[in-house]
Amino acid sequence: MDFKQIVSHAKEYGFIFQSSEIYDTLAAVYDYGPNGVELKNNIKEYWWRSMVQRHANIVGIDSAIFMHPKTWKASGHVDAFNDPLIDNKDSKKRYRADVLIEDYMDKLEAKAEKEIKKAAKRFGEAFDRDQFVTTHPRVVRYLDEKNKIAKRLAQAMKISDLADMKQLIEELQIACPESGSREWTDVRQFNLMFSTQLGNIAGEEGKLYLRPETAQGIFVNFLNVLKTSRQKVPFGIAQIGKAFRNEIVARQFIFRMREFEQMEMQYFVRPGEEMEWYKFWKEERIKWHKAIGSPQEKLRFHDHDNLAHYANAAVDIQFDFPFGFKELEGIHSRTDFDLSSHQDLSGKKMQYFDPELEKNYVPYVIETSIGCDRMFLATISHALQEEKVPDAKGKESTRVVMKFHPSIAPVKCAILPLVKNKPELTEKAQRIFDDLKFVTQCQYDEKDAIGRRYRRQDAIGTPYCVTIDFDTLDDDSVTIRDRDTLHQERIPIREIADKVRQRTDMTVLLQEIGD
Ligand code: GAP
């Protein structure tokens with residue numbers, strides 16, 4: 001399915017709505033509908049239980065969105081959480097300078113790719129991609145130019161050389177995508193934190209920020225958790241919560257939002273052992289993605305070109321979204337930067353006494369950080385499929401189906417009386433629903449022909465449909481239909497709960513990650 005179809009399916013079936021739609025929407029802010037909130041809660045539960053329940057040495061917290069403003073000074077966000085911004089003088093549109101340049105590089109790559117595809121078609125089996133890429137003059141020129149620009153941009157970003165970014169935009173003759181104008185302002189730094197004001201203090205003193213990452217709530221609670229949980233290094237603190245960033249470029253649906261949710265875990269380790277744990281968490285996180293059904297070919301590691309000031313190693317797990325491979329999760333070796341900065345600014349010792357080494361130290365940190373909304377987008381874009389299936393009369397028809405892992409499907413079992421105008425059927429079906437609703441997320445549906453109701457459940461990814469027919473009244477059995485195999489079988493009513501639980505319980509998914 002292409003990106004447009006995914007976005008419209010998400011709206012049509014109550015997964016995601018644009019915020020404040022009746023007022024023409026608010027850009028880069030989205031709401032989750034009835035099926036969306038179930039799926040999102042299931043993704044969060046999967047993450048939480050895989051981190052906190054599966055690891056005896058990881059505990060959770062839920063810290064406030066508002067934090068003391070000094071937090072953001074210590075973390076470096078006040079001084080360095082910036083994007084380079086540029087305005088077009090004619091259209092008055094605002095852009096990220098680095099994104100304008102990256103878009104230009106993407107165009108060069110697309111041109112090269114077009115040539116490669118053309119040649120692959122022409123030469124067929126005999127085509128040698130590597131040889132073609134290194135020898136074909138036009139392809140070599142496109143890719144050389146792209147690499148040169150990438151190097152220069154990386155250097156300009158690293159040393160915050162805003163003048164060179166402007167120079168690059170002028171040299172490449174990049175025009176405003178909206179108006180075609182090349183009249184640009186200078187490039188300026190733009191801080192991505194949203195600020196607000198405390199009610200009882202006027203001016204700068206009362207200025208607060210909406211947190212741009214949940215991680216700092218973990219760092220400032222390090223001593224509290226250490227004392228109350230009696231954990232020993234290595235141990236982790238996990239948190240799920242909202243984060244806010246005033247993104248300049250807001251596009252690609254829920255990929256880049258201004259209000260989003262993060263699932264972050266900070267793992268505190270002995271200084272010097274961080275690389276071992278960095279490797280461990282890279283492997284562990286890939287196992288998590290694979291267990292939920294993301295295939296190997298849709299996942300890849302991408303080492304950071306420029307390390308942030310606090311990191312001595314950093315890698316992204318990229319996912320093959322409908323618009324290409326992009327960051328889904330970050331794994332960062334944050335050294336002792338955060339705890340040490342908070343120690344310096346607060347005057348509180350952020351240290352751990354290691355009984356084995358018999359010494360105090362500020363622990364080093366490995367962070368895993370994944371955007372819940374990006375995971376949601378990866379999940380629906382991979383799950384949504386169109387496939388040919390036989391209809392009731394054995395003819396080929398097309399169905400749209402969400403092939404979620406059964407444990408995260410928004411609805412686990414649909415209860416469907418064969419027809420709606422027979423009270424003996426609907427009452428029986430209602431009684432089955434009333435029993436099953438204590439076991440799992442069910443939906444009762446009696447509207448429309450049974451075939452249409454099956455299609456509706458396929459479209460939201462319901463693993464099981466249970467049909468109550470006239471035989472049910474005699475023998476207390478039902479037909480249960482499997483979403484993926486379309487296999488239908490007759491089972492006693494008393495066995496429905498166990499059958500559904502066997503495939504849809506979250507435990508099933510957690511066990512698939514392995515030890
Ligand atoms: N604590 C580290 C941190 O915040 P990050 O790479 O800036 O690192 C981590 O963000 C994850 O949060 C990203 O991998 C992405 O999944 C998600 N994320 C970041 N900005 C986002 C945005 N504007 N909209 C949606 N998700 C976002």
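Ligands are counted one by one from 1 in listed order, and the atoms in each one are counted from 1 as well. Counting from 1, the numbers follow the sequence of the chain as shown. From a predicted model like this one, the values you see are computed outputs, not experimental measurements.
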Atom 2 (C) of ligand 1: of E327, E367, E261, K326, the nearest heavy atom sits on E367
The closest protein heavy-atom partner of atom 8 (O) of ligand 1 is H332 CE1, 3.7 Å
Answer yes when E171 and R152 have at least one side-chain N-carboxylate O distance shorter than 4.0 Å, and no when they do not.
-> yes
Quick one about K290 and Q296 (side-chain donor to acceptor, distance below 3.5 Å, no hydrogens or angles considered), yes or no? yes
Of Y364, F222, Y352, the one forming a ring pair (Phe, Tyr, Trp, His ring centres under 6.0 Å) with F268 is F222
* To do: Indicate whether any N or O donor in one side chain lies under 3.5 Å from an N or O acceptor in the other, for N312 and S333.
  => yes
Within 4.0 Å of some non-hydrogen atom of E329, the atoms of ligand 1 are 14 (O)
Note to self: Check contact between H304 and ligand 1, using heavy atoms of the residue and a distance below 4.0 angstrom.
What the structure shows: no
Taking the six-membered ring for Trp, are the ring centroids of F321 and F255 within less than 6.0 Å of each other?
-> yes
Side chains of N224 and N221: any donor to acceptor distance under 3.5 Å?
yes
Checking heavy atoms under 4.0 Å, the part of R256 that sits near ligand 1 is both
W277-H332 aromatic ring centre distance below 6.0 Å:
no
When distances are taken from atom 25 (C) of ligand 1, the protein heavy atom at minimum range is F255 O, 3.2 Å
Close approach, L328 and ligand 1, non-hydrogen under 4.0 angstrom: yes
Checking heavy-atom distances from atom 27 (C) of ligand 1 to each of F81, F376, F260, the winner is F260
Q.
Pairing donors with acceptors under 3.5 angstrom, does anything connect the side chains of Y95 and D87?
A. no
For the aromatic rings, using the six-membered ring if either is Trp, is the centroid distance between Y46 and W288 under 6.0 Å?
yes
Does the ring centre of F253 sit less than 6.0 Å away from the ring centre of Y30?
yes
One finds that the ligand 1 atoms under 4.0 Å from a non-hydrogen atom of E213 are 1 (N), 2 (C), 3 (C), 4 (O)
Any nitrogen or oxygen of Y310 lying under 3.5 Å from a nitrogen or oxygen in ligand 1? Just yes or no.
no
Closest to atom 24 (N) of ligand 1 among protein heavy atoms sits M257 N, 2.9 Å
Per-atom filter on ligand 1: closer than 4.0 angstrom to a heavy atom of R334 are 1 (N), 2 (C)
Closest to atom 12 (O) of ligand 1 among protein heavy atoms sits Q262 NE2, 3.4 Å
The closest protein heavy-atom partner of atom 15 (C) of ligand 1 is R374 NH1, 3.5 Å
Please tell me whether E264 and T214 have a donor and an acceptor in their side chains that are separated by less than 3.5 angstrom.
yes
If you scan protein heavy atoms around atom 19 (C) of ligand 1, the nearest is R245 NH1, 3.4 Å
At under 4.0 Å between heavy atoms, what of E247 touches ligand 1? The answer is side chain
In this structure, atom 11 (C) of ligand 1 is nearest to the protein heavy atom S369 OG, 3.7 Å
A student checking ligand 1 against E264 at a 4.0 Å heavy-atom cut-off should list atoms 1 (N), 2 (C), 3 (C), 4 (O)
